[in-house]
Participant: 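Provided herewith is a single structure, encoded as structure tokens, for subsequent inquiry.
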Amino acid sequence: MKLFDTMSRTVRDLAPRDGATYRFYCCGPTVYGPAHIGNFRTFTLQDVFRRTLELSGLATFHVRNLTDVDDKTIRDSRAAGSTLGDFTDHWRDRFHADCDKLNLLRPHLEPSAVAHIPHQIAMIGELMEKGHAYASPDGSVYYRVSSFRDYGRLSRLDQRELREGASGAVADDEYDKDSVSDFALWKARREEDGDNFWDSPWGLGRPGWHLECSAMCREYLGESFDLHSGGVDLVFPHHENEIAQSEACTGHRMADHWFHLTHLLVDGGKMSKSAGNFYTLEQLEKAGFSAAELRHVLVSAHYRQPLNFVAKDAEGKETFPALLGARQALQRLAKFDVALAARTGEPETPGYATLLAGKDGASFAGAFEALENDLNTPDALGRIFTAIKALDVASLSSEEARRERLGFHRVLAALGFALPSVAGEGGREAEAPADIARLAEERRAAKLAKDWPEADRLRNEIAALGWEVKDTKEGYELCPKN
RNA sequence: GGCGAGGUCGCCAAGUGGUAAGGCCGGGCUCUGCAAAAGCCCUAUCGCGGGUUCGAUUCCCGCCCUCGCCUCCA
């Protein structure tokens, strides 16, 4: 597999350092509220990345942290009147629930910052010893950026000029640092932190944000590992600071490869609560859409390309045309699968384990290869539909159909698509309440008697109850109106 | 001001130095008592102006516009 590497700014082949298992770290969420669909673009593409690696025959070891102590978690937990732990547990559970709905594979390990305070303190000690850190009079500890020669390599800091306060964020003058670019490793206890402080050789306080990732990477992935990933906004300063901390400590290159994901835009701009275009999975579900539909939208653009999530239609109404389109596309995939399955005589969907074992791509090999080529998800999607159109399912032998189906499901598994049930295939039809089903039967009888007015009357009655009856070759199907 | 990304059919979005995938929407056809559903088919010369080239949407230069980041936002 090939993937763009932020450090070298080139597309490079991926190979595990140990020759067996690809070990990587993804910066996870700060658990102080529901994750939004932009966060999920990142996590979903990281998931596609992992699935593609695994399906191409490589074992993986995936670590993703939970940030459960920082300004926001502390502030909001106190505002909510709960302990930091209870508060972050709640949002962690919610995050997991959303991830499950989106069909994201659980990381092999999900360490949290609070559970690794000692590791972080130990790391600060090492940095102090090596002259990369200093304590300020108030008991905070800072990393001395000027002590690390390579600082800024990832974000090409040497080629840029930092404009102080350009982001609108005001420098925190409650702490005193030797240089504005120095960053906190340890933050001295403050009044507004409440009970959230830990003891350290430098006094009571809490760790700085960047440090947790360095400490946990080292603990679980070692001094050097294969790949580190996160949203583009983390390139600077977060990842830059992680590199400075880790490499100053160990003297070794932290990660071989840096994988960054471009942000999701909503209706052409950044998502923000004030702009009213801030969406969570829950909101989209309330609007009648599924996580699978969102997932389809999220993978519809290349990860290094901004993806414009269209929520409002041409009239400015919030109708989510992007999700509507995804629904149709997914339905087509599902119908194709039903037809293909019927041809094989094996209705069971091949499981992930089966797909891992086989490499038979058949007509869908090109689509999978698109994923291996810098994770080109939109290209893969295009190739899937092209292959579907080109395949004459009816002419396939059951053996050919079986092979094609494995190839088809292999790409679907890499994309993490769970196909919706197809109307009339026992999925949605089964949900129809008895009285609706009875009316439908009556209509069927009226149709057989060629009593068209009665048949149409019954169809309208069913429609008034929120269901739609559609005739098929065999009979009819019922599905909820939306 | 600096850095980065980008402007491809109504919308979303790939891609290539030789005349532009795919999805949605729309239109047409088939099927159907009608309708829906389903199936099939159809729709672009790639922001603007130069240059290089036999040939550029794809390379170079300039311009316009959009978006993101610039110390704790994925």
Side-chain angles (χ1 to χ4, degrees), chain A residues 6 9 26-30 35-46 67 70-72 145 155-157 159-172 177 180-184 187 208-211 229-238 240-241 260-265 268-272 296-297 300-302 304-310 313-314 321-333 335 339 367 370 376-389 423-424 447 450-453 455-456 459 463 468-473 476-477 479:
Chain A
T6 310
R9 312 266 162 160
C26 300
C27 286
T30 299
H36 57 65
I37 59 174
N39 297 314
F40 282 121
R41 181 191 189 190
T42 295
F43 299 133
T44 299
L45 281 147
Q46 288 168 338
T67 295
D70 79 323
D71 290 349
K72 284 170 297 203
V145 165
S155 59
R156 300 188 165 177
L157 200 57
Q159 291 175 26
R160 45 196 282 179
E161 171 192 313
L162 286 183
R163 190 179 183 185
E164 236 182 293
S167 66
V170 181
D172 193 331
K177 307 185 277 189
V180 279
S181 48
D182 289 351
F183 57 90
K187 295 181 162 190
W209 173 46
H210 311 294
L211 191 57
S229 176
V232 269
D233 55 305
L234 298 185
V235 172
F236 181 83
H238 186 56
E240 206 69 81
N241 292 352
H260 290 105
L261 300 103
T262 301
H263 283 176
L264 174 80
L265 303 178
K270 192 182 181 182
M271 183 171 17
S272 73
H296 180 98
V297 171
S300 69
H302 185 78
R304 279 193 283 127
Q305 215 61 49
L307 167 60
N308 188 23
F309 175 79
V310 182
D313 63 18
L323 289 167
L324 242 18
R327 171 172 300 172
Q328 291 306 117
L330 245 20
Q331 192 65 213
R332 269 187 66 191
L333 294 177
K335 290 198 164 133
N376 198 331
T377 50
D379 191 22
L381 237 28
R383 287 165 185 268
I384 288 173
F385 282 102
T386 302
I388 284 178
K389 203 191 289 187
K447 275 191 69 183
K450 297 202 188 294
D451 183 352
W452 310 130
D456 290 347
R459 182 164 63 200
E468 198 166 6
V469 55
K470 296 169 183 171
D471 292 334
T472 64
K473 284 195 191 82
Y476 62 89
E477 52 191 50
C479 54

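Order of the sequence lines sets the chain letters (A, B, ...), proteins ahead of strands, with each chain counted from 1. What you see is a predicted model, and the numbers here were worked out from it, not measured in a lab.
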Participant: Provide the distance between the two P atoms, one in C59(B) and one in C46(B), to the nearest whole Å.
Facilitator: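 About 15 Å, rounded to a whole number of Å.
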Participant: For the pair made of CD1 in Ile384(A) and C1' in A13(B), what is the distance, rounded to whole Å?
Facilitator: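 Distance, rounded to whole Å: 14 Å.
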Participant: Can you give me the closest heavy-atom contact between Arg304(A) and His260(A), atom names plus distance?
Facilitator: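 The pair with the smallest heavy-atom distance is CG-O, 4.5 Å.
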Participant: Given atom CD1 of Ile388(A) and atom P of C40(B), what is their separation to the nearest angstrom?
Facilitator: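 So the two atoms are 10 Å apart, to the nearest Å.
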Participant: In this structure, how many angstroms lie between the C1' atom of G39(B) and the NZ atom of Lys470(A), rounded?
Facilitator: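 Rounded to whole Å, this separation is 15 Å.
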Participant: Determine, answering yes or no, if Trp452(A) is stacked on G33(B) under the 5.5 Å centre rule and the 30° plane rule.
Facilitator: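 It does: the two rings, one from Trp452(A) and one from G33(B), meet the stacking criterion.
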Participant: Looking across every strand, which nucleic acid part, if any, lies under 4.0 Å from Glu240(A) by heavy atom: base, sugar-phosphate, or nothing?
Facilitator: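 No contact.
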Participant: Return the nearest nucleotide to the side chain of His36(A); candidates are A36(B), A14(B), A74(B).
Facilitator: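 Among A36(B), A14(B), A74(B), the one nearest the side chain of His36(A) is A74(B).
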Participant: Does Lys335(A) place a side-chain N or O at less than 4.0 Å from the phosphate oxygens OP1/OP2 of A38(B)?
Facilitator: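 Indeed, a polar side-chain atom of Lys335(A) lies that close.
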Participant: I'd like to know whether Asp71(A) forms a side-chain contact (heavy atoms from CB on, under 4.5 Å) with Trp209(A), so could you lay out the CA-CA distance, the side-chain angles of the two residues, the decisive distance to 0.1 Å, and finally the verdict.
Facilitator: CA-CA 9 Å; Asp71(A) 290 349; Trp209(A) 173 46; over 6 Å; no
Participant: Scan Gly382(A) against the nucleic acid and name what it touches under 4.0 Å (heavy atoms): base, sugar-phosphate only, or nothing.
Facilitator: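 Touches a base.
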Participant: Students often get this wrong, so: under 4.0 angstrom with heavy atoms, is His260(A) touching a base, only sugar-phosphate, or nothing?
Facilitator: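 Result for His260(A) = nothing.
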Participant: Expressed as a whole number of Å, how far does the P atom of A36(B) sit from that of C31(B)?
Facilitator: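 Here A36(B) and C31(B) have their P atoms 15 Å from each other.
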Participant: Please examine the side chains of Val232(A) and His263(A), heavy atoms only from C-beta on, and report whether any two atoms are closer than 4.5 Å.
Facilitator: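 In short, these two side chains touch, coming nearer than 4.5 Å.
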Participant: Picking from A5(B), G23(B), G4(B), which would you name as closest to the side chain of Phe385(A)?
Facilitator: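 Comparing A5(B), G23(B), G4(B) against the side chain of Phe385(A), the answer is G23(B).
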Participant: Is there a donor N/O on one and an acceptor N/O on the other, under 3.5 Å, for the side chain of Asp379(A) and the base of A13(B)?
Facilitator: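 No, the side chain and the base share no sub-3.5 Å donor-acceptor pair.
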Participant: Sticking with atom P, work out how far C25(B) lies from C64(B), rounded to a whole angstrom.
Facilitator: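 Nearest-Å result for C25(B) against C64(B) at atom P: 39 Å.
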Participant: Among all residues two or more places apart in sequence or in another chain, which pass the salt bridge (Lys or Arg N to Asp or Glu O under 4.0 Å) test with Arg41(A)?
Facilitator: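 Salt bridge (Lys or Arg N to Asp or Glu O under 4.0 Å) check on Arg41(A) returns nothing, list empty.
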Participant: Do Phe43(A) and Pro29(A) have side-chain heavy atoms sitting under 4.5 Å apart?
Facilitator: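 Yes, their side chains come closer than 4.5 Å.
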Participant: I'd like the C1' distance from U43(B) over to G33(B), given in whole Å.
Facilitator: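 Nearest-Å result for G33(B) against U43(B) at atom C1': 33 Å.
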Participant: For C9(B) and A5(B), measure between their C1' atoms and round to the nearest Å.
Facilitator: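 Pairwise C1' distance, C9(B) against A5(B), rounds to 23 Å.
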Participant: Taking atom CD1 of Ile384(A) and atom NZ of Lys389(A), what is their separation to the nearest 0.5 Å?
Facilitator: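 With rounding to 0.5 Å, CD1 (Ile384(A)) is 14.5 Å from NZ (Lys389(A)).
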Participant: Counting side-chain heavy atoms from C-beta on, which of G4(B), G23(B), A14(B) comes nearest to Arg9(A)?
Facilitator: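 Comparing G4(B), G23(B), A14(B) against the side chain of Arg9(A), the answer is G4(B).
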Participant: Whole Å only: how far is the CG atom of Asp70(A) from the P atom of U71(B)?
Facilitator: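 Result: 17 Å.
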Participant: Verify the contact: side-chain N or O of Asn241(A) to OP1 or OP2 of U71(B), cut-off strictly under 4.0 Å; return yes or no.
Facilitator: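 Negative; the distance criterion is not met.
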Participant: May I ask you to say what Ala322(A) touches in the nucleic acid, namely base, sugar-phosphate or nothing, with a heavy-atom cut-off under 4.0 Å?
Facilitator: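 Nothing, no nucleic acid heavy atom in range.
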Participant: Do the rings of His210(A) and Phe183(A) sit parallel, tilted or perpendicular, given the 30° and 60° boundaries?
Facilitator: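 His210(A) and Phe183(A): perpendicular rings.
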Participant: Could you state the OH-C1' distance from Tyr476(A) to C34(B), rounded to the nearest angstrom?
Facilitator: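 In whole Å, C34(B) C1' and Tyr476(A) OH are 19 Å from each other.
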Participant: Suppose we screen for side-chain hydrogen bond (donor to acceptor under 3.5 Å, both in side chains). Which residues come up paired with Thr42(A), at least two apart in sequence or across chains?
Facilitator: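 For Thr42(A) there are no side-chain hydrogen bond (donor to acceptor under 3.5 Å, both in side chains) partners, ignoring immediate neighbours.
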Participant: side-chain hydrogen bond (donor to acceptor under 3.5 Å, both in side chains) with His296(A): which residues, sequence neighbours excluded?
Facilitator: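 Counting only residues at least two positions away or on another chain, His296(A) forms no side-chain hydrogen bond (donor to acceptor under 3.5 Å, both in side chains).
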Participant: Check the distance between G68(B)'s C1' and Leu234(A)'s CG and give it to me in whole angstrom.
Facilitator: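 Distance check: Leu234(A) CG to G68(B) C1' gives 14 Å.
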Participant: So, does the side chain of Asp233(A) form a donor-acceptor pair with the base of C70(B) at under 3.5 Å?
Facilitator: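 Not at all, since no donor on one side and acceptor on the other fall under 3.5 Å apart.
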Participant: Nearest to the side chain of Arg156(A), heavy atoms from C-beta on, is which of C70(B), G4(B), G22(B)?
Facilitator: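 The answer is G4(B).
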Participant: Figure out the CZ/P separation between Arg383(A) and A21(B), and round it to whole Å.
Facilitator: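 Rounding to the nearest Å, CZ of Arg383(A) and P of A21(B) are 13 Å apart.
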Participant: Please work out if Asp456(A) contacts a base, only the sugar-phosphate, or nothing of the nucleic acid, heavy-atom cut-off 4.0 Å.
Facilitator: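 Base contact - Asp456(A) has a heavy atom under 4.0 Å of at least one base atom.
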Participant: Give Lys72(A) one of three labels, base, sugar-phosphate or nothing, depending on what nucleic acid heavy atoms sit under 4.0 Å from its own.
Facilitator: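 Result for Lys72(A) = sugar-phosphate.
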Participant: Under 3.5 Å, is there a donor-acceptor pair between the side chain of Thr377(A) and the main chain of Ala301(A)?
Facilitator: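 At least one qualifying donor-acceptor pair exists.
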Participant: With the side chain of Gln305(A) defined as its heavy atoms from C-beta on, choose the nearest nucleotide among A5(B), G15(B), G68(B).
Facilitator: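 Among the listed nucleotides, the one closest to the side chain of Gln305(A) is A5(B).
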Participant: Counting any heavy atom closer than 4.0 Å, what does Gly230(A) reach on the DNA or RNA strands: base, sugar-phosphate only, or nothing?
Facilitator: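 Touches sugar-phosphate only.
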Participant: Could you check which of C25(B), C34(B), A14(B) has an atom nearest any side-chain atom of Gln328(A)?
Facilitator: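 When the side chain of Gln328(A) is considered, C25(B) is the closest of C25(B), C34(B), A14(B).
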Participant: In whole Å, measure the gap between the P atoms of U57(B) and A20(B) for me.
Facilitator: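 My reading of the P atoms in U57(B) and A20(B) gives 10 Å.
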Participant: Could I get the full list of side-chain hydrogen bond (donor to acceptor under 3.5 Å, both in side chains) partners for Asn376(A), not counting sequence neighbours?
Facilitator: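 Testing Asn376(A) for side-chain hydrogen bond (donor to acceptor under 3.5 Å, both in side chains), a comparison that skips the adjacent residues, returns none.
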Participant: Looking for any heavy atom pair under 4.0 Å, which part of the strands does Leu265(A) touch: base, sugar-phosphate only, or nothing?
Facilitator: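 Answer is sugar-phosphate: Leu265(A) comes under 4.0 Å of backbone atoms only.
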Participant: Check Val297(A) against Ala326(A) and note the closest heavy-atom contact, atom names and distance.
Facilitator: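 Answer, listing the atom of Val297(A) first, then Ala326(A): CG2-CB, 3.8 Å.
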Participant: Kindly determine whether Asn39(A) and His36(A) satisfy side-chain contact (heavy atoms from CB on, under 4.5 Å), including the steps that lead there.
Facilitator: CA-CA 5 Å; Asn39(A) 297 314; His36(A) 57 65; 3.3 Å; yes
Participant: What pattern of brackets, bars and dots sums up RNA chain B from 5' to 3', given Watson-Crick or G-U wobble pairs under 3.5 Å, [ ] for crossing pairs and | for another strand?
Facilitator: (((((((..(((.....[...))).(((((.......)))))....(((((..]....))))))))))))....
Participant: Under 4.0 Å, counting only non-hydrogen atoms across every strand here, what does Arg459(A) touch: a base, just sugar-phosphate, or nothing?
Facilitator: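 Base, at least one base atom sits under 4.0 Å.
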Participant: Please report the distance separating the C1' of U71(B) from the corresponding atom of G2(B), rounded so that it comes out in whole Å.
Facilitator: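 Going atom to atom, C1' in each nucleotide, I get 15 Å.
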Participant: May I have the distance from Met271(A) (atom CE) to A74(B) (atom C1'), rounded to whole angstrom?
Facilitator: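 From Met271(A) CE to A74(B) C1': 9 Å.
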Participant: I want to verify a distance call: between A13(B), G23(B), U71(B), whose nearest atom is closest to the Arg332(A) side chain?
Facilitator: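 Nearest to the side-chain atoms of Arg332(A), counting from C-beta on, is G23(B).
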Participant: Hey, does Gly268(A) reach any base, or is it just sugar-phosphate, or nothing, if we go heavy atoms under 4.0 Å?
Facilitator: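 It contacts sugar-phosphate atoms only.
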Participant: Given C70(B), A74(B), G33(B), identify the nucleotide with an atom nearest to the side chain of Leu264(A).
Facilitator: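 Closest of the options to the side chain of Leu264(A): A74(B).
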Participant: Looking only at atom P, what distance separates A56(B) and G18(B), rounded to whole Å?
Facilitator: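 The answer is 12 Å between these two P atoms.
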Participant: Restricting to nitrogen or oxygen on both sides, can you table the protein-nucleotides 8-12 of chain B pairs closer than 3.5 Å?
Facilitator:
{"unit_1": "C12(B)", "atom_1": "OP1", "unit_2": "Asn308(A)", "atom_2": "ND2", "d": "3.3"}

Participant: Mapping Ala329(A) and Arg304(A) onto RNA chain B by nearest heavy atom, which one lands closer to the 5' end?
Facilitator: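 Its nearest nucleotide lies further toward 5', so the answer is Arg304(A).
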